[in-house]
Every structure is written in structure tokens, then in C-alpha cells.
Student: 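Below is one structure. I have some questions about it.
Residue numbers start from 1 in every chain, and the chains themselves are labelled A, B, ... in the order their sequence lines are given, proteins ahead of strands.
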Amino acid sequence: MALTGARALPRPFLSPIGWLALVAGLAVGAPLLGVALAAFGTETADIASRDIARYALTSAWLALLVGGATALSGTAAAWLVVMHRFPGREIFAWALALPLAMPAFALAYGYSDLFDVAGPLRMWLRGSVGVDLPFEMRTVGGAAFILSAAFYPYVYLAMRATFLNQSTNVLEAGRMLGCTGTSALWRVALPMARPALAAGVALAMMETLADYGAVRFLSVQTLTTGVVRAWSVYGSTVSAARFALPLLLAAAVLLWLERASRVGRSHESGRARWRPVEPTQLPLTRAWLASVFCFTLLFAGLILPLAWLTWNLAGTDADWARLGQALSNSLSLGAVGALVTVALATMLALGTRELPIAARVASLGYATPGAVMAIGLLAPASVIWGLAPGSGATIALVLLVLAYAARLMAAALEPIDAGLERVTPSMIQAARTLGRGETRAALEVQLPMARGAMLTAALIVFIDVLKELPATLILRPFDFDTLAVIASNYALDERLGQAGLPSIMIVVLSLPAVIWLSRRIAAARPGA
Amino acid sequence: MSAAPILEIRDATRRFAGKLAVDHASLSLAAGRVAALLGPSGCGKSTLLRMIAGLEGIDGGAIHVRGAPVSAPDTFVAPEQRGVGLVFQDNALFPHLDVQANVAFGIAHLPRTERNARVAMMLSRLHIEHLAAAWPHMLSGGEQQRVAIARAMAREPSLLLLDEPFSGLDGDLRERVRQSLMDDLRLAGATVLVVTHDPAEAMMIADDLVLMDGGRVLQCGSPRDCYEMPVSAVAARLLGEAIVMPVTATAGVALTPFGPITGRGTSNGPADLVIRPEALELAATGVRARVEEVRFSGQSFRLSIMLGDVSIAMRVHGEPPQVGDEVCLALTPGRAILVARQG
């Protein structure tokens with residue numbers, strides 16, 4: 001065997017680790033392929049392509065509004081928290097990420113009830129002050145507000161990390177060259193943070209496109225509600241897939257945007273001379289304004305809707321038996337989903353060097369709405385159901401976990417990748433010269449070193465599975481409820497009081513995990 | 001050298017994207033010897049080291065360890081099966097394992113009592129018993145290196161490879177660490193191949209020197225032979241300052257300003273006269289030359305002197321001549337080497 005030109009060690013086509021990565025890549029790729037194939041079917045429902053265009057326009061409009069709003073609020077909050085001192089800064093640093101524990105649909109329930117035309121707030125305002133609020137929640141604008149309040153943490157976390165990474169030296173160089181504090185933001189810090197901004201905004205827009213629970217409740221017709229409706233009302237997988245195709249395309253575009261922005265990662269200044277940013281004290285008035293701004297974000301994204309839902313609980317009967325069953329279903333799905341996803345993501349992370357395409361497919365999966373994933377899995381599912389009719393419920397659950405994994409693989413992959421980056425090539429080579437084969441070197445060096453990162457990944461997946469709605473609605477076995485499904489069913493029956501309890505249970509379950517994650521991210525420093 | 005060599009490399013060749021990184025390199029290393037592989041960065045010495053370890057393939061030639069082929073175009077023994085230890089430039093300790101567990105990593109196949117005994121022995125041999133329970137991030141650079149060496153030696157490899165082992169340390173510390181570490185390795189009877197780009201270091205630690213440049217092995221031999229009897233101007237410069245004067249040889253003899261000098265293996269054609277600066281002295285009589293420049297460098301003065309139409313550099317202690325002075329140069333007999341000119 002000649003080795004001309006090959007830099008790597010002689011090896012077969014794929015090592016065992018490479019094969020595992022291939023399997024993980026296929027797990028994500030299968031539903032995507034399923035959607036594309038399904039869209040070419042002929043049994044379409046009676047949905048005009050004009051409808052698809054209208055829904056697509058609403059989706060695009062909504063994504064742009066949310067993108068803009070999260071970019072502004074997330075960046076401002078991150079800049080304030082990293083670069084300045086003001087009352088409550090240490091708490092806001094991690095607390096601003098907490099709305100991630102709040103499902104977007106729960107925000108929608110809270111806000112639409114609070115600001116309902118016939119709700120107590122407006123009644124009181126009209127009666128005592130004689131004015132009516134000039135906005136309405138069940139509109140594209142209202143949905144944009146709610147989704148921005150839910151998704152600004154994605155931008156905040158990305159920008160915060162990147163501002164922390166910027167070295168004081170670079171900012172001071174800007175100051176020496178004539179920038180004031182604020183113009184240092186515009187001329188130095190922001191241009192350097194552009195990759196992170198693009199990544200954070202792309203994420204918020206992907207989540208917006210993927211949202212089902214909130215927009216469905218607010219009666220805003222987007223492509224994702226179209227996917228679910230085409231399937232659940234008209235029973236047409238083909239039509240659902242046709243709604244899904246533009247979503248896939250948008251996902252690919254957003255992903256490309258995010259990737260293209262990463263090319264600028266070299267904007268980060270060298271580690272060796274990195275000096276932590278020293279925040280400056282804001283003068284009194286401005287310091288309090290900063291606190292009010294941060295508190296408003298937290299208030300809008302978590303405190304107000306949560307408080308309103310809790311307030312509304314009074315006087316509603318709870319079906320505890322049903323809730324208990326749903327709680328146990330949610331927890332088991334979350335645990336199994338986290339386990340499977342992290343296992344697949346780890347396989348993928350270990351094999352990326354050999355099979356970079358697999359990681360790219362995985363990130364496309366993350367950009368893909370859960371509803372689309374579910375539709376993509378329906379076609380293979382119907383084949384299996386046809387072959388083994390008795391196994392319906394089990395197969396459905398397996399597919400549901402697969403949909404979660406496909407959807408969340410990239411979210412789990414990112415921390416694991418970062419964890420594995422700590423393993424230098426020479427550590428792996430050292431393991432080789434110390435008598436380990438390739439696979440055992442991975443098991444004994446790479447995996448143990450990525451343990452913390454795998455826990456982080458598992459928590460991220462767990463939280464997202466708890467909040468997941470569209471894929472669960474489509475793929476769940478008959479009569480199998482999760483907390484999110486129950487909340488959605490009650491809410492659509494206009495029983496908001498009862499919808500509140502499962503929503504609050506989701507928040508209570510995910511809040512500790514979000515706090516832990518957020519504090520962990522807040523404590524992380526380069527070189528630490 | 002009667003015993004078979006531990007390491008035998010014949011015509012080892014490695015290409016990256018068509019470019020020769022290692023070009024027909026040959027060398028051999030006997031048991032218990034310490035060899036230094038010296039060359040400028042990018043000369044292929046690290047690639048050759050990785051080829052010996054099995055972390056890099058081979059495009060031509062062969063590498064034998066203890067007489068058995070480990071690398072050849074049709075043979076490849078995996079790195080974990082070669083019985084070769086490698087200590088990385090960054091030490092590559094496993095941060096999730098403490099010092100004992102790092103050292104025990106390569107001998108997991110041994111029964112526990114034997115394993116523990118071996119670890120204890122390695123730690124004491126390298127004088128780091130007190131660090132057994134420490135974690136890698138708590139150690140200084142020198143301590144990390146000792147752990148990395150103990151870890152590699154615990155497997156009792158036929159051959160220990162060190163990649164730029166002292167590059168992370170500087171000054172005084174570097175010298176002390178180097179001295180005591182090499183003493184410990186010699187006591188252990190290890191066969192060692194060290195890659196370095198520091199000529200003083202290479203000459204200090206090595207029994208055998210291997211000079212590399214442009215992917216080729218230029219010269220192998222004792223440090224003193226390599227220094228005093230270089231095979232080419234390039235080889236001479238690898239080990240320190242050298243005055244190189246172009247001359248023409250006829251029948252193995254060249255007429256030089258210092259008189260006729262006989263070369264080794266040179267017959268006719270262009271040749272280089274190679275002289276170490278310390279072999280030249282200012283004297284009352286000798287070859288006449290003119291001082292072009294005088295610079296003070298602490299211990300000595302550095303002179304640039306025009307000898308005919310060649311500028312040469314030399315050092316003098318004591319009072320230096322003035323710029324423009326005519327001086328006389330005396331050559332220590334036997335210290336001017338005539339070599340064939342290359343390329």
C-alpha cells in the first residue's frame with residue numbers, strides 16, 4: 001500500500017469512530033431527506049399555493065421583526081453588563097438568560113390574557129382612565145413582541161461571551177486612537193463581535209420560524225402552523241411537506257449566514273495577551289437606567305407572564321391525575337431524549353475530523369423546525385407501521401426521540417465540540433504511543449475530558465424537549481400527553497387558567513437547569 | 001559498536017503535497033546512547049521523529065526498531081505496538097488524570113501491584129515522588145516534563161524520543177533542568193533521541209549528533225567531530241559561527257591565504273575553506289587583513305575583517321584594534337577544513 005501524499009496514518013475508508021459519526025449524521029439526515037421526498041408526492045390537500053406564499057410572507061416578516069428586536073435588546077444588555085457597573089449587574093449577568101426556561105407558548109398565554117380586549121387590565125384602564133391600549137396581542141406585531149421577549153437571551157448570551165473575550169488591550173488601543181467609550185462600542189467592539197451577533201440573531205430567527213405553540217395560539221398563520229395544520233386537519237403529508245420546504249430553505253440560508261459569520265472568528269484577538277475587561281462605573285442616573293433596562297427585559301421575558309399565569313391559577317380545578325401522567329411522560333422523554341441526543345452528538349463530535357459533512361447535516365437539523373422533522377419521519381414511520389401494525393406506540397415514541405435528537409443534535413454538539421477542543425492532538429498521540437488504539441484513545445482520553453461538556457449538552461436538550469410542541473403533537477402516540485401538549489390543548493380550548501399549571505410546571509422544572517447553565521457560562525473565562 | 005542498533009533508519013522519505021519533508025534520511029542509534037537530531041525549524045527533524053514514533057507514514061525507505069521493521073512502504077506497525085516512547089513538546093499530560101494515573105496510563109495491562117510498583121519506581125527515578133497525587137495543572141513546566149518522561153519510560157520502551165524538550169524553559173533554569181534530566185536518563189540506561197534546534201544544547205547532551213537540513217541528514221558523528229570536521233559549509237554553520245571562504249581545489253589541495261590545505265575527499269573544482277572563528281587569532285605575524293568594523297559585545301569584541309575580498313567575523317578578548325588598522329591573522333594548525341562546495 002503506497003502512501004503517496006497522504007498526511008494521515010494509513011487507515012481504512014472509515015475508522016470505527018468515523019462509522020459512528022456516519023450513523024449519527026444519518027439519524028439527522030433521514031428526516032430531512034424524508035421531507036424533500038414527501039414534497040414530491042401527489043396526494044395534496046386542497047391548499048392553494050397562494051396560501052403557502054401568504055404564510056411564508058408572515059413567517060419572514062415575523063422572523064425579521066424578532067431578529068431586529070433581539071439584536072438590539074440582546075446586544076445592549078450584553079454591552080451594559082460586561083462593560084459597566086450598575087446596581088444589580090452581577091445578578092443580571094446570569095438572570096438575563098432565564099427566559100430560556102419559559103416556553104414561548106406560555107408567554108403567549110400570559111400576555112394575550114393579560115392584554116385581552118375583555119381582560120381585567122383593559123377593562124380597568126377604560127373604566128378609570130378612559131383610554132385603551134393601542135396594541136393587540138393577536139397580531140404579527142404582538143407575536144413579534146412575545147417571541148422577542150422569549151428569544152433575546154440567544155443574542156444576549158452570544159454577545160456577552162464575545163464581549164468578555166475581547167481583550168481590554170484592543171479596546172484601550174481604540175481609546176488611545178481617539179474613541180470615546182461609546183464610540184469604542186460602535187467602532188471596535190461591535191465590528192469585532194459581528195460573528196457572534198450574526199450567530200445569535202440567526203438562532204433567534206430559527207427559533208421564530210420553528211415556533212408553533214405561540215403563533216398558533218395567537219392565530220398568526222406561519223409556515224410552521226401550516227405544516228401542522230396540513231397534516232392534522234387535512235391529513236396530507238404531501239401538503240405538510242410543501243409547507244416545510246420553504247422552511248428548510250430558510251433554515252439553510254440562516255445556517256449559511258451563521259457559518260459565513262464564523263469565518264470571522266479570527267477577529268478574536270490572541271489569547272496570550274488577553275486581559276479581562278474592567279467594567280467602568282456608570283454615573284448615578286445612567287446606572288439606574290441601565291438597571292431598569294435589564295430588569296425590563298427580565299420582567300417582560302419571565303416575571304410578568306409567569307406572575308400572571310400564577311395569579312390566574314386561583315380558582316381553577318386541576319386534573320392532577322392527568323398532569324401527573326404528563327409530568328412523568330415529559331420527564332422520561334426529556335431524559336431519554338437527552339441521553340440519545342448526547343450519545344449521538346458525542347459520536348458525531350469524535351468523528352467530525354474524519355467526516356465533516358456529518359456535522360454540517362447536524363447543524364441543518366438544528367435550523368429545521370420540529371414540525372418539519374416530524375413530517376420527515378412520518379413517511380418512514382408509515383412503512384414501519386405497515387410492516388408491524390401492533391408496534392404503533394413504541395415506534396411512535398422511538399421516532400419522537402429521533403426527531404428530538406435530529407432537531408437538537410447541533411445544540412448538543414456545540415458544547416461537546418468545545419469540550420473536546422481541550423484535547424490537543426498531542427494528547428491523543430500520546431495515548432497512541434502509550435499503547436492505545438484509536439478507539440480506546442477516544443474512550444479513555446477524549447470522553448473523560450468532555451464529561452462536563454456532555455452534562456451541559458444533556459441539560460440543554462432536556463430543557464428544549466420539555467418545551468417542544470409541534471413534533472410531539474405530530475408524532476406522539478394516541479393519548480400520550482406531555483406537559484406542553486396539555487398546556488396547548490387547554491389553551492386552544494380557551495381554558496387559560498388550566499393551561500397555566502402545566503406551563504408553570506415546565507418553567508419550574510427547567511429553571512434550575514437554566515440557572516446552572518447560565519451561571520456556568522457567566523463564570524467561564526478564556527484561559528480559565 | 002558490536003550489538004545490533006536499537007534504531008536503524010535507511011533512506012526514509014516522506015512527501016507532503018509533492019514536497020520532500022524527509023529526503024532519504026539514514027541513521028542508526030546503538031543501545032544506551034543519547035543522540036541529538038539538530039537542524040533549523042522546518043528541516044524535517046520533527047517529521048522524522050514522528051515517523052519513528054509511527055504517527056507519520058513513510059513513502060520510501062525503512063525504519064527498524066530492535067532489528068524489526070516498523071515502517072516501510074508495505075509495512076506499518078501502529079504507534080501503540082512499536083515499543084517507542086515519545087515525549088511531546090507540550091508534554092501532553094492528560095488533565096483529567098493525576099500524576100500517578102498519567103504515569104500508569106501506558107501500563108494498564110499490568111496487574112495492579114506490579115503497576116503501582118512501576119509507577120513508584122518511575123516517580124522516584126525522576127525525583128517526583130512528592131507529586132504523585134498532584135494534578136497536571138498544578139505543576140511547573142519542568143515538573144510536567146518529568147511526569148511526561150516518567151509516563152513514557154514506564155512502558156520500558158526500546159527507545160525514548162524527546163521533541164524539543166527544553167524549549168519551554170529559559171535561561172538558567174533550562175540549563176539546570178537539562179543537566180539533571182539527562183543525568184537521570186543516562187542512569188536509567190535509556191536509549192534516547194532528542195530533537196532540538198539549539199546547537200549548544202545538542203552538543204552538550206549528545207553522544208551522537210545527527211545534523212539535518214532540507215530534509216536530509218548532512219552528517220552523523222560525535223559532537224566534536226561534527227564541530228571540528230564538518231562535511232560542508234552548511235553543516236558547519238548548523239553548529240555555530242563559521243568563516244567560509246570560496247577556493248578552488250586541484251588534486252585535493254587548495255591554495256588559500258593560509259597556505260596550501262589538503263581536503264578530505266575533494267579532488268578538483270570549487271571548494272569551501274571552513275574555519276571556526278576561535279581558530280583565528282591576532283598575531284605579530286601571519287596573513288595580513290584590514291579591520292572593517294569593531295563592536296563591543298560584553299565578554300569580547302566582535303571584529304569584521306576583510307581578508308582579500310572576503311569579509312570574515314572573529315572575536316578578540318582584551319584591547320581591540322581600530323577600524324582601518326592592518327592586522328595579522330594566525331591560524332591554529334589543523335583547524336581549517338577544505339570541503340567540496342555544494343549546489
Side-chain angles (χ1 to χ4, degrees), chain A residues 1-13 15-18 271-272 346 349-350 353-354 415-416 418-456 524-528, chain B residues 13-19 21 47 50-60 71-97 101-110 136-137 148 151-155 157 159-161 163:
Chain A
M1 177 176 57
L3 297 167
T4 39
R7 207 180 177 109
L9 296 174
R11 55 156 53 117
F13 164 60
S15 72
I17 292 169
R271 284 268 156 104
T346 307
L350 289 175
R353 250 178 250 173
E354 255 181 89
I416 295 174
L420 285 177
E421 253 172 44
R422 290 173 51 228
V423 187
T424 63
S426 59
M427 285 180 203
I428 302 167
Q429 289 163 2
R432 299 296 307 274
T433 60
L434 291 169
R436 300 300 193 277
E438 202 172 354
T439 313
R440 286 194 56 199
L443 287 179
E444 291 180 44
V445 177
Q446 290 178 287
L447 281 196
M449 284 184 66
R451 227 176 317 176
M454 286 161 76
L455 179 63
T456 302
R525 291 280 193 288
Chain B
T13 299
R14 184 66 173 151
R15 261 181 222 98
F16 293 141
K19 200 174 156 283
T47 305
R50 293 169 57 81
M51 289 166 73
I52 300 169
L55 298 172
E56 199 69 68
I58 196 167
D59 294 319
S71 280
D74 55 355
T75 311
F76 189 83
V77 175
E80 62 268 25
Q81 285 154 7
R82 292 191 171 204
V84 173
L86 172 57
V87 178
F88 291 82
Q89 194 171 356
D90 62 1
N91 297 320
L93 297 182
F94 303 126
H96 63 294
L97 301 176
N102 260 287
V103 175
F105 188 92
I107 46 173
H109 56 280
L110 296 181
H137 70 266
R151 183 175 72 176
M153 298 270 291
R155 280 167 69 77
L159 170 67
L160 183 66
L161 308 171
D163 190 3

Student: Checking Arg155(B) against chain A: side chain, backbone, both or neither under 4.5 Å from a heavy atom?
Tutor: side chain
Student: Which answer fits Leu93(B), side chain, backbone, both or neither, if we ask what part of it has an atom under 4.5 Å from a heavy atom of chain A?
Tutor: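 Answer is backbone: N, CA, C or O of Leu93(B) sit under 4.5 Å from chain A.
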Student: What distance do Leu434(A) atom CG and Met427(A) atom CE have between them, rounded to the nearest 0.5 Å?
Tutor: 13.0 Å
Student: Which bit of Ala441(A) comes within less than 4.5 Å of chain B, counting heavy atoms only: side chain, backbone, both or neither?
Tutor: neither
Student: Quick check on Phe105(B) against chain A: is it the side chain, the backbone, both or neither that has a heavy atom closer than 4.5 Å?
Tutor: both
Student: By a 4.5 Å heavy-atom criterion (distance strictly below it), what part of Thr433(A) contacts chain B: side chain, backbone, both, or neither?
Tutor: both
Student: The test is side chain to side chain contact (heavy atoms under 4.5 Å, CB included); show your working for Gln429(A) and Leu86(B) and say whether it passes.
Tutor: CA-CA 9 Å; Gln429(A) 289 163 2; Leu86(B) 172 57; 5.9 Å; no
Student: Kindly indicate, with the supporting measurements, whether the criterion side chain to side chain contact (heavy atoms under 4.5 Å, CB included) is fulfilled by Met454(A) and Ile416(A).
Tutor: CA-CA 6 Å; Met454(A) 286 161 76; Ile416(A) 295 174; 4.1 Å; yes
Student: Determine, stepwise, if the pair Phe16(B) / Thr47(B) fulfils side chain to side chain contact (heavy atoms under 4.5 Å, CB included).
Tutor: CA-CA 10 Å; Phe16(B) 293 141; Thr47(B) 305; 4.0 Å; yes
Student: Do Arg432(A) and Glu80(B) meet the salt-bridge criterion of a basic N to acidic O distance under 4.0 Å?
Tutor: yes
Student: Tell me which of these, Thr424(A), Val445(A), Val423(A), Ile428(A), has more heavy-atom pairs under 4.5 Å with chain B than the rest.
Tutor: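 When all of Thr424(A), Val445(A), Val423(A), Ile428(A) are compared, Val445(A) has the most.
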Student: Using the salt bridge (charged side-chain N to carboxylate O under 4.0 Å, His left out) criterion, which residues pair with Arg50(B)? Sequence neighbours excluded.
Tutor: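 Arg50(B) satisfies salt bridge (charged side-chain N to carboxylate O under 4.0 Å, His left out) with Glu56(B) only.
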Student: Tell me, out of Asp163(B), Leu161(B), Ile107(B), Asp90(B), who's got the most heavy-atom pairs with chain A below 4.5 Å.
Tutor: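 Result: the option with the highest number of such pairs is Asp90(B).
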